[in-house]
Amino acid sequence: MAEYSRVKTTKLVLKGLNKGKRKKHKDKKRKTDEEEEKPDVMGGWWSVRCFGEITGTVAIEMQSNSYIHAMDTGLFTVGAPHKDDEGPDPPEQFTAIKLSDSRIALKSGYGKYLGINSDGLVVGRSDAIGSREQWEPVFQDGKMALMAANSCFISYSDSGDIEAKSKTAGDGEMVKIRSCVEREVKRKDDIADEDRGNVKTCEINYVKKFQSFQDRRLRVNEEDKSTLKKARMDGKFHESLLDRRSKMKADRYCK
């Protein structure tokens, strides 16, 4: 019976199982996730990942570090490659204008809107936005293609022009829209800005937010802040802050 008990409580170990390798695998997975979250930025121009990020001045990267380049003839080509710390040249910069929840218009530095002609060539000769000057960015699996008004995707032709003739999006139709608009940093938590930092910093933040400032002086309660630390641990931090501000008779909501 004693032998049976010993066998029953013995921990099952699978053949070939190596704890060290499993830990290494987790570290590798974590490293991969961090690399995926790393923003794609070239010379201060970042790659958009969704339609909502397309606004303001943009550039369209057709090949690695090479952008669609506007020519004074009204046609477009792919410009010379840039270094990693260089952004697109002025002829490679366009203004994106949202037309709907899925379509945009693009205006070149020559003041003309990008569209397509009857041959499927991308041209920039229109002074107004018509049906041919509407574009639809299509996102899928972390990649993007740009569909023209003829329901074809743009690509770089053998003759050196930008055209929209393919009904399907393959590797040759993959592009990146880069923006230089300053992005809002997205935090992974929902903590309010006023609640970040130690208790002293938080109290000052809330005083600045709610104080009436009649005499333009910041009035902070000088009592011992150890009670605030305890209140923070007990989940009564904001209530304690309110009590302290009410004693100063300076909070416009505590009078």
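Quick caveat: nothing in here was measured; it's all calculated off a predicted structure. Computation of the quantities below employed the complete heavy-atom set of this structure, encompassing side-chain atoms and omitting hydrogens, waters and symmetry-equivalent molecules.
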Next on the checklist: Do Trp45 and Phe51 land in one hydrophobic cluster if side-chain heavy atoms of ILVMFWY residues count as linked below 4.5 Å?
Outcome noted: no
Item to check | All ring pair (Phe, Tyr, Trp, His ring centres under 6.0 Å) counterparts of Tyr67, not counting sequence neighbours | outcome: His82
Checklist entry - Given side chains that start at C-beta, do those of Ile177 and Glu53 come closer than 4.5 Å, heavy atoms only? => result no
Checklist entry - Does any non-hydrogen side-chain atom of Ser47 lie less than 4.5 Å from one of Arg178? => result yes
Item to check | Derivation of the side chain to side chain contact (heavy atoms under 4.5 Å, CB included) call for Val181 and Thr57 | outcome: CA-CA 7 Å; Val181 177; Thr57 304; 5.8 Å; no
Next on the checklist: Working to the nearest 0.5 angstrom, can you tell me the gap between Leu146 CG and Ile154 CD1?
Outcome noted: 4.5 Å
Checklist entry - Is it true that Phe153 and Phe76 fall in one hydrophobic cluster, defined by side-chain heavy atoms closer than 4.5 Å? => result no
Item to check | Minimal non-hydrogen separation, Pro81 against Ser66, with atom names | outcome: CA-OG, 3.3 Å
Checklist entry - Which heavy-atom pair separates Ala145 from Met174 by the least distance, and what is that distance? => result CB-CE, 3.9 Å
Item to check | Nonpolar side-chain network containing Tyr113, other nodes, edges under 4.5 Å | outcome: Ile97, Leu99, Ile129
Checklist entry - Just wondering, are more than 12 heavy atoms of other shown residues or ligands nearer than 6.0 Å to NZ in Lys143? => result no
Next on the checklist: Tell me which one of Val58, Ile54, Thr55 satisfies side chain to side chain contact (heavy atoms under 4.5 Å, CB included) with Ile104.
Outcome noted: Ile54
Checklist entry - Under a 4.5 Å cut-off applied to non-hydrogen side-chain atoms, are Asp40 and Trp46 in contact? => result no
Checklist entry - CZ of Arg49 to NZ of Lys176: how many Å apart, nearest 0.5 Å? => result 10.0 Å
Item to check | Over all atoms of both residues, closest heavy-atom pair of Phe94 and Ala70 | outcome: CE2-CB, 4.3 Å
Under 3.5 Å, side-chain donor or acceptor atoms of residues 118-125 against the rest of the protein: list the pairs with distances, not counting sequence neighbours.
from	atom 1	to	atom 2	distance (Å)
Arg125	NE	Thr73	O	3.2
Arg125	NH2	Thr73	O	2.9

Checklist outcome for this item: To the nearest 0.5 Å, atom CD of Glu92 lies from atom OG of Ser108 at 12.5 Å
Item to check | Listed partners of Asp85 passing side-chain contact (heavy atoms from CB on, under 4.5 Å), at least two apart | outcome: Lys83
Checklist entry - Given the rule in the side chain to side chain contact (heavy atoms under 4.5 Å, CB included) test, do Ile60 and Leu106 qualify, once you have shown the distances and angles that lead to the verdict? => result CA-CA 10 Å; Ile60 304 173; Leu106 295 166; 3.8 Å; yes
Checklist entry - Excluding sequence neighbours, so at least two apart, what forms side-chain contact (heavy atoms from CB on, under 4.5 Å) with Ser151? => result Met147, Lys167
Item to check | Point-to-point distance, once rounded to the nearest 0.5 Å, from CD of Glu173 to NZ of Lys165 | outcome: 12.5 Å
Next on the checklist: Show the nearest heavy-atom pair for residues Thr77 and Gly160, with the distance to one decimal.
Outcome noted: OG1-O, 2.7 Å
Next on the checklist: If I take atom CG from residue Asp161 and atom CE from residue Met71, how far apart are they, to the nearest 0.5 angstrom?
Outcome noted: 6.0 Å
Next on the checklist: Quick check on the hydrophobic clustering: are Met42 and Met144 connected, directly or via other members, by side-chain heavy-atom contacts under 4.5 Å?
Outcome noted: no
Next on the checklist: Counting C-beta onward and ignoring hydrogens, is there a side-chain heavy-atom pair between Val175 and Ile68 closer than 4.5 Å?
Outcome noted: no
Checklist entry - Do side-chain atoms of Ser155 reach the backbone of Gly172 as a donor and acceptor pair under 3.5 angstrom? => result no
Mind listing the side-chain donor-acceptor pairs of residues 131-139 below 3.5 Å, one per line with the distance, residues two or more places apart or on another chain?
from	atom 1	to	atom 2	distance (Å)
Arg132	NH1	Ile116	O	3.1
Arg132	NH1	Asn117	O	3.3
Glu133	OE1	Gly130	N	2.8
Gln134	OE1	Arg103	NH1	3.4
Trp135	NE1	Leu114	O	3.0

